[in-house]
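Each remark here refers to the structure printed beneath this line.
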Amino acid sequence: MNTNQSIKENLEAIRSRIETAEKKSGRTPGSVKLMAVSKFHPAQAVVEAFDAGQLLFGENRVQEASEKFPPLIEQHPELCVHMIGQLQSNKVKKAVEFASCIQSVDRLDLLKEIEKQCAKLNRTIDILFEIHTGEESKSGYTNEKDLEESIEACIKGNFPHIVPKGFMTMAPFTDDEVLVRKSFISLRELSIKLQDKYKELSLTELSMGMSGDFEMAIEEGSTLVRVGTAIFGERDYSK
Ligand SMILES: *Cc1c(COP(=O)(O)O)cnc(C)c1O
């Protein structure tokens with residue numbers, strides 16, 4: 001990451017690397033979406049990315065996102081933000097006021113709360129099921145029985161305000177490429193298996209890959225990469 005480069009230049013470089021990875025792995029050009037993860041970066045950074053044509057953003061923390069995004073979305077309704085961090089139930093009410101997707105659904109109780117809050121606002125929201133695929137990461141469904149229970153609740157019509165779109169995972173935080181790739185492969189294989197079992201739903205979104213590993217994720221079938229550092233630079237956690 002060259003910190004002298006602008007957000008615009010970084011975005012152009014990432015888009016071009018995505019295109020190359022799509023070609024290399026025989027993926028349809030344009031089939032991989034780029035999310036700009038703006039956590040810990042100011043609204044001004046989001047505006048710079050927006051001015052460079054970026055419309056999809058990701059945030060981890062509801063409080064931070066709720067300060068940054070609603071005014072920007074009001075000005076530019078085509079801009080959207082997904083929540084990608086672990087979500088406490090008491091934060092759902094605020095999150096569904098501005099987020100267009102919650103990618104970090106990891107339990108049935110969270111679906112119930114999302115349904116309740118979206119019903120109150122009379123809106124629908126997209127969700128992804130977050131899957132635990134790496135030894136070292138903590139978040140996501142860890143067992144298939146719980147995951148299937150959640151999917152089946154959606155199919156039964158328990159959550160009319162929720163549209164399940166697919167799956168998300170965080171690869172383990174390690175330099176071991178084999179482990180990272182294994183995590184992406186296991187998400188792809190799980191998604192194929194569940195899509196086959198639950199034909200009532202269209203679970204085609206595979207959100208995987210970050211700054212350090214998005215090309216590998218694309219090779220393994222990612223449809224949405226979540227890139228922060230390579231666009232906005234290092235995060236300053238002391239703020
Ligand atoms: C922070 C974060 C990212 C972006 O990570 P970078 O390494 O900065 O690209 C992607 N996904 C999730 C869930 C994150 O929390």
Side-chain angles (χ1 to χ4, degrees), residues 1-3 5-7 9-18 21 32-42 45-46 48-49 52 54-66 68-69 80-88 91 95 99-107 110 126-142 165-177 179-181 183-184 186-187 205-218 220-239:
M1 165 66 208
N2 180 350
T3 46
Q5 276 185 320
S6 69
I7 288 171
E9 285 167 324
N10 291 338
L11 271 169
E12 280 163 6
I14 299 292
R15 286 182 193 132
S16 138
R17 283 170 62 189
I18 289 174
V32 179
K33 294 186 274 288
L34 170 61
M35 161 186 283
V37 179
S38 50
K39 65 186 185 202
F40 288 93
H41 294 283
V46 176
E48 266 179 64
Q54 181 65 30
L55 299 179
L56 173 61
F57 294 86
E59 285 278 341
N60 275 51
R61 300 180 304 176
V62 174
Q63 184 57 38
E64 179 185 348
S66 74
K68 242 184 270 182
F69 277 88
C80 68
V81 60
H82 293 186
M83 296 311 303
I84 59 174
Q86 233 172 7
L87 189 55
Q88 288 170 276
K91 302 278 169 64
S100 59
C101 176
I102 294 176
Q103 294 203 357
S104 43
V105 170
D106 60 358
R107 58 195 189 278
L110 189 57
D126 294 343
I127 64 105
L128 301 182
F129 298 102
E130 181 176 356
I131 311 299
H132 181 273
T133 58
E135 294 299 305
E136 291 160 66
S137 79
K138 285 167 286 169
S139 44
Y141 283 91
T142 50
K165 292 280 191 180
F167 305 95
M168 184 268 246
T169 202
M170 292 261 279
F173 189 70
T174 166
D175 289 335
D176 186 340
E177 251 191 44
L179 283 182
V180 173
R181 191 178 290 274
S183 142
F184 295 150
S186 72
L187 189 71
E205 196 83 282
L206 277 191
S207 170
M208 55 188 200
M210 320 202 315
S211 290
D213 54 26
F214 69 88
E215 282 142 322
M216 193 195 291
I218 291 171
E220 298 304 340
S222 173
T223 62
L224 190 160
V225 295
R226 310 180 306 266
V227 178
T229 310
I231 295 172
F232 296 111
E234 297 294 333
R235 290 178 282 273
D236 181 357
Y237 292 109
S238 65
K239 279 190 214 159

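We count ligands from 1, going down the list as the structure has it; atoms in each ligand are counted the same way. Note that the coordinates shown come from a computational prediction; the quantities given were computed from them, not determined experimentally.
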Heavy atom of the protein closest to [atom] (residue, atom name, distance):
atom                    : answer
atom 13 (C) of ligand 1 : Met170 SD, 3.2 Å
atom 6 (P) of ligand 1  : Ser211 OG, 3.5 Å
atom 8 (O) of ligand 1  : Thr229 OG1, 2.5 Å
atom 11 (N) of ligand 1 : Arg226 NE, 2.8 Å

Test your reading of the model: is there a side-chain donor-acceptor pair from [X] to the backbone of [Y], 3.5 Å cut-off?
X      : Y      : value
Ser222 : Met208 : yes
Ser6   : Glu9   : yes
Lys39  : Glu64  : no

Next on the checklist: Test of understanding: given a 4.0 Å heavy-atom threshold, classify the contact between Asn60 and ligand 1 as side chain, backbone, both, or neither.
Outcome noted: side chain

Checklist entry - Side chains of Ile7 and Ile231: closer than 4.5 Å at any heavy-atom pair? => result yes

Checklist entry - Is there a side-chain contact between Ile84 and Ser104, using heavy atoms and a 4.5 Å cut-off? => result no

Checklist entry - Looking only at distance, does Gly228 have an N or O less than 3.5 Å from an N or O of ligand 1? => result yes

Checklist outcome for this item: The atoms of ligand 1 lying under 4.0 Å from a heavy atom of Ile84, numbered in the order shown, are 11 (N), 12 (C), 13 (C), 14 (C)

Item to check | ligand 1 atoms in contact with Val227 (distance to a heavy atom under 4.0 Å) | outcome: 9 (O)

Next on the checklist: Nearest 0.5 Å, please: how far is NZ in Lys165 from SG in Cys101?
Outcome noted: 8.5 Å

Next on the checklist: Check contact between Gln103 and ligand 1, using heavy atoms of the residue and a distance below 4.0 angstrom.
Outcome noted: no

Item to check | Heavy-atom neighbours of Glu177 CD exceed 12 at 6.0 Å | outcome: no

Next on the checklist: I'd like the name of whichever of Met210, Lys39, Arg61, Met35 reaches closest to atom 14 (C) of ligand 1 through any heavy atom.
Outcome noted: Lys39

